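Predicted model, so just to flag it, every value in this text is computed and none were measured. In what follows, chains are A, B, ... by sequence order, proteins preceding strands, each numbered from 1.
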Number of protein chains: 2
Amino acid sequence: MMEKSQAEPPHHAKDVTRHVGYALKRTQAALRSAMDGVLREYGLTVPQYATLELLALNPGMSNADLARATFVTRQSGNVVLQGLQEAGLITRPATADHGRARPAHLTEEGRARLDAVQDAVYAIERHMTAAIPPERLAALLADLDRMAAALEE
Amino acid sequence: MMEKSQAEPPHHAKDVTRHVGYALKRTQAALRSAMDGVLREYGLTVPQYATLELLALNPGMSNADLARATFVTRQSGNVVLQGLQEAGLITRPATADHGRARPAHLTEEGRARLDAVQDAVYAIERHMTAAIPPERLAALLADLDRMAAALEE
DNA sequence: TTTCGAATGTCAGGACTTTGACATAGTGGA
DNA sequence: TCCACTATGTCAAAGTCCTGACATTCGAAA
């Protein structure tokens, strides 16, 4: 008994480049680079694009909300919002009516810019996911979420 | 804000936070944050740690090699190497014997520092991968690699 | 009511990374 | 041989992001 010599759960290869963490970094870097390329043509950075998407989905999010959702600090989030505001893509009330949070909203131009960019960005994601068996897509998404949740707790 | 209630992840959900790209970013951010936390106790940054791992596995890598492997520019890679050199963790010949590339090597202290850190870093990866079914680990690794390859081509 | 904690926005400073550019060293073909 | 072409290292400048700190605001508990 106790003959289990091959299927050890840790599965730690000596070669760090075969670890899950390394593959995660590599894939994320490639995605980021591809997105940077297409977004640059539209005058947007990746955090700015992410902010537009989130505001379209959820109007009225505050700077702190958006910073959490885009995985940056509030300070960086504020810089992103200032850029979008100067570009006329979002609006924020000069004063908060409740608390200190100032809800941000897309302008007409912001919505138009997002619409113009989405096709190109979504094409990148389709190209990325097309590389794996379709029946594993749901499991991949679930596994990524579980790993993130485990690390965040 | 940021509710998650539905359970069907379609190929392209309206909610960007259910896209693969977003899950990738979220997981990578959580992993980076966790690694930052433990590495700080040892006076290392994540790129510095990655460089030590790569040099242990593959002695003599040049700055350009390491930059590619850690997904940063040559300029950033050089800053990382300078930091490690000042800390006495690596050595580089002052002059290149062939071409311009100067091969980097771990010092005794560099090897010791890496050994001291590996337990803590690997524990993070184990904690992360423990959140998913073990039989899906290989598929996850393969899928990440395929997606990265598709984006890099 | 008062007080304390949590959340938010903001400022200052520094650390890290990138873009752009240039000179040098090897390689392969005309 | 000579000439592109690529790869590498490096410099300068700018941008991006973070750490640390502080004041303000709301809400809950004493």
* Partner set under side-chain hydrogen bond (donor to acceptor under 3.5 Å, both in side chains) for A/Arg111, not counting sequence neighbours -> A/Asp115
* In chain order, what residues pass the salt bridge (charged side-chain N to carboxylate O under 4.0 Å, His left out) check against A/Arg92, with sequence neighbours excluded? -> none
* To do: Under the side-chain hydrogen bond (donor to acceptor under 3.5 Å, both in side chains) rule, collect the residues that match up with A/Glu109, sequence neighbours excluded.
  => none
* To do: Name all residues meeting the side chain to side chain contact (heavy atoms under 4.5 Å, CB included) criterion together with A/Ala29; count only those two or more places apart in sequence or in a different chain, and write none if there are none.
  => B/Phe71
* Closest-nucleotide 5' rank along DNA chain C - winner of A/Asp36 and B/Gln48 -> B/Gln48
* **Partner residues of B/Tyr49 under the side-chain hydrogen bond (donor to acceptor under 3.5 Å, both in side chains) criterion, sequence neighbours left out** => B/Glu53
* Listed partners of B/Arg100 passing side chain to side chain contact (heavy atoms under 4.5 Å, CB included), at least two apart -> none
* If you take all heavy atoms of B/Gly60 and B/Leu55, which pair is closest and at what distance? -> N-CD2, 4.4 Å
* **A/Ser76 side chain near D/dT16 phosphate (N/O to OP1/OP2, under 4.0 Å)** => no
* Can you see which heavy atom on A/Ala148 is nearest to which on B/Ala30, and at what distance? => O-CB, 4.2 Å
Which pairs, protein N/O on one side and nucleotides 21-24 of chain D N/O on the other, fall under 3.5 Å?
residue, atom, partner, partner atom, Å
D/dA23, N3, A/Arg100, NH1, 3.2

* **d(CG, B/Asn63; C1', D/dT10) in whole Å** => 10 Å
* Separation of atom CG in A/Leu44 from atom C1' in D/dT16, rounded to whole Å -> 16 Å
* To do: Could you tell me which residues satisfy salt bridge (charged side-chain N to carboxylate O under 4.0 Å, His left out) with B/Arg136, sequence neighbours excluded, listed by chain and number?
  => A/Asp143
* Asked: Does B/Asn78 place a side-chain N or O at less than 4.0 Å from the phosphate oxygens OP1/OP2 of D/dT10?
  -> yes
* To the nearest Å, how far apart are B/Gln85 CD and D/dG9 P? -> 13 Å
* Structure fact -> For A/Arg40, the salt bridge (charged side-chain N to carboxylate O under 4.0 Å, His left out) test, sequence neighbours excluded, returns none
* Asked: What is the 5' to 3' range of DNA chain C, first to last nucleotide, that sits under 4.0 Å from any heavy atom of chain B?
  -> C/dC16 to C/dG26
* Residues in salt bridge (charged side-chain N to carboxylate O under 4.0 Å, His left out) contact with A/Arg102, at least two apart in sequence or another chain -> none
* **Residue closer to the 5' end of DNA chain D, B/Gln82 versus B/Arg68 (nearest nucleotide)** => B/Arg68
* For the helix from C/dT1-D/dA30 to C/dA30-D/dT1, what is the angle between the axes at its two ends, each from 5 pairs, rounded to 10°? -> 30°
